[in-house]
Amino acid sequence: MRQILLSLLVSIPLVACSNKETPGHDHEKAASTQAPAAAPPPTKAPHDHAASTRPHADHNARHGGLVTMEGDNHVEVVIGADGAIDLYASDAVRTPIPPKDVTGTITIEPKGKGEKQTLTLAPNEAKGSLSAKGPAPDNADYTWDLKVRSAPMKMTLTVPAGGTAAFADAPADHPAGDHAHGSPHGGVVQSLAGGHVEVKLEKTGDITVWMLDTAEKPRSAKGVTASLRPVVAGAKEVALAYDEKADVLRGKIDPIKQDHVDGVLSITPAGGTATSLRFAFHLEGHPGAGHDGHTGHEGH
C-alpha cells in the first residue's frame, strides 16, 4: 500500500508539469503573438453646416462673376469680353434657382459712345442662367431688372472693357480676401499699379480710400480720382473727394443694411491709368450689423 501511495505522489507533479509545458501552450509566446484588441471605431467629427446653411453667409462666385444680393435672393452677374451676358440666380443659402423661375431684362448704358439698349433675358437651361448677347463692354452701366420667384431685384453695375473678369478677382498673387494683404486701417486691401489701395466701407455708408505703397505703408492720395459703386439695390456710383488734411479719398452713400456687400472701385492714380477693382466688404459686428454679430472680418 505504501508503495502505491508513493507512486501516486510522484506521478501528480509530473502530470501537472506535463500539462503546463504542452507544446503549443507557451504562454509568453502566446502573449507576444496575440492579436491586439480591436480599437474602437473612430468617432466621426460632426460636420459643421453653419457656413453652408447660414443665409447670406456665402458670396463666393461660382462662375467667375460678381455676386449681388437683394432680399433673400442672390444673382451672380457674368459679362464676357465679347458681350455675352449670363445671370445666375440662387436663394439665401446659394441653392441655384432654375432659370424658368426668373424673368427680366438688362439695360446697357454706355458712359461714352454708344446707344442705350434693353435686352430681354432668356433662360439657358444648359448653363442654368438667364442669358443675352450685347456689345463688347467698355465702361458701361448694366442694370438688370428681374423677378426672381416673383420677388423684384434691380441693380446696376459699371462694367469695364474686358467684362466682369476684369475685376471679379484680384491678381493671382493677392487673391481677393487673402490675408497675404494686411489691413492697416481695418479696410480691404488690393493690389494696384505701384502699390496697393485700401477701401473701408462702414455700415453708416461712409467710404474711405487710402493709397499704399508696395509695403502697404501710406502714400499720398493727392491727384487720385476714384468712384465707388456698391452693388446693392438703388445704389448709385459715388465720386470720392480728396481730403487734404487726412490725405485720403472720402465719400458717403446711404446706410448699409446687408452684412455682405460687393463694390466696384473705379480708380485712376495720379499719372496712371484707370482700373476697376472688385471689393467684398464683410460688415458683421460693425455698428448696426445684423444678428450674426461676427467680428474679425476686416481685411477679407
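Not measured: the values here are computed from a predicted model.
Salt-bridge formation is detected for the pair Asp262/Arg278: a Lys NZ or Arg NE/NH1/NH2 atom is positioned less than 4.0 Å from an Asp or Glu carboxylate oxygen. Under 4.0 Å is where a charged nitrogen must lie from a carboxylate oxygen, and between Asp247 and Lys222 no such pair does. Looking at Arg229 and Asp141, a side-chain N of the basic residue comes within less than 4.0 Å of a carboxylate O on the acidic one, giving a salt bridge. Under 4.0 Å is where a charged nitrogen must lie from a carboxylate oxygen, and between Asp86 and Lys133 no such pair does.
Residues Leu121 and Tyr88 fall into different hydrophobic clusters, defined by Ile, Leu, Val, Met, Phe, Trp and Tyr side chains chained together at heavy-atom separations under 4.5 Å. With hydrophobic clusters built from ILVMFWY side chains whose heavy atoms lie under 4.5 angstrom apart, Val148 shares a cluster with Leu66. Hydrophobic cluster membership is shared by Ile267 and Phe281, with clusters built from Ile, Leu, Val, Met, Phe, Trp and Tyr side chains linked at under 4.5 angstrom. Side-chain heavy atoms closer than 4.5 Å link hydrophobic residues (I, L, V, M, F, W, Y) into clusters, and following such links, even through other members, never connects Val67 to Leu228. Residues Leu249 and Leu192 share a single hydrophobic cluster, defined by chaining ILVMFWY side chains whose heavy atoms lie under 4.5 Å apart.
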Side chain to side chain contact (heavy atoms under 4.5 Å, CB included) for Ser220 and Tyr242? Distances and angles first, verdict last.
CA-CA 10 Å; Ser220 180; Tyr242 178 59; 4.2 Å; yes
Apply side chain to side chain contact (heavy atoms under 4.5 Å, CB included) to residues Lys154 and Thr143 and explain how you reach the verdict.
CA-CA 7 Å; Lys154 184 175 183 178; Thr143 301; 3.9 Å; yes
Go through Arg219 and Asp213 one step at a time and tell me if the salt bridge (Lys or Arg N to Asp or Glu O under 4.0 Å) criterion holds.
CA-CA 6 Å; Arg219 60 173 173 158; Asp213 62 16; over 6 Å; no
Should Val78 and Lys127 be marked as a side chain to side chain contact (heavy atoms under 4.5 Å, CB included) after you check the CA-CA gap, both sets of side-chain angles, and the distance that decides it?
CA-CA 12 Å; Val78 182; Lys127 288 185 175 181; over 6 Å; no
Could you check Ser129 against Leu87 for side chain to side chain contact (heavy atoms under 4.5 Å, CB included), going step by step and ending with a plain yes or no?
CA-CA 5 Å; Ser129 66; Leu87 275 64; 5.8 Å; no
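Remark: Leu146 CG to Glu70 CD distance equals 9.5 Å, nearest 0.5 Å. Here Lys252 contributes atom NZ and Thr204 contributes atom OG1; the two are 4.5 Å apart, rounded to the nearest 0.5 Å. We find the NE2-NE2 distance between His74 and His260 to be 8.0 Å, quoted to the nearest 0.5 Å. Atoms CE and CE, from Met69 and Met153 in turn, are 8.5 Å apart once rounded to the nearest 0.5 Å. Expressed to the nearest 0.5 Å, how far CG of Leu130 lies from CH2 of Trp144 amounts to 13.0 Å. Separation of atoms CD1 (Ile253) and CG (Asp206) is listed at 9.0 Å; rounding is to 0.5 Å.
Listed here is the closest heavy atom pair of Ala151 and Asn73: CB-ND2, 3.8 Å. Nearest approach of Tyr142 to Pro135, heavy atoms of both residues: OH-O, 3.8 Å. Residues Gly134 and Leu119 share a closest heavy-atom pair of CA-CD1, 3.9 Å. When all heavy atoms of Val189 and Pro184 are compared, the closest pair comes out as CG2-CD, 4.0 Å. Val238 approaches Gly251 most closely through the heavy-atom pair CG1-CA, 4.4 Å. When all heavy atoms of Pro230 and Val261 are compared, the pair lying nearest together is CB-CG1, 4.1 Å.
Between Trp210 and His185, the two ring planes are parallel [angle under 30°; tilted spans 30° to 60°].
Listed for the Glu198 side chain is a donor-acceptor partner under 3.5 Å among the backbone atoms of Gly187. Proximity of a side-chain donor or acceptor of Thr164 to a complementary backbone N or O of Ile79 within less than 3.5 Å is detected.
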Please table the atom pairs, donor to acceptor, closer than 3.5 Å between any side-chain atom in residues 97-112 and protein atoms at least two apart or in another chain.
from: Asp101; atom 1: OD2; to: Arg149; atom 2: NE; distance (Å): 3.4
from: Thr107; atom 1: OG1; to: Thr118; atom 2: OG1; distance (Å): 2.9
from: Lys111; atom 1: NZ; to: Glu237; atom 2: OE1; distance (Å): 2.4

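Within a 6.0 Å sphere centred on CD of Glu115, heavy atoms belonging to other residues, nucleotides or ligands number 12 at most.
Side chains of Ile207 and Arg250 form no contact here, defined as non-hydrogen atoms less than 4.5 Å apart.
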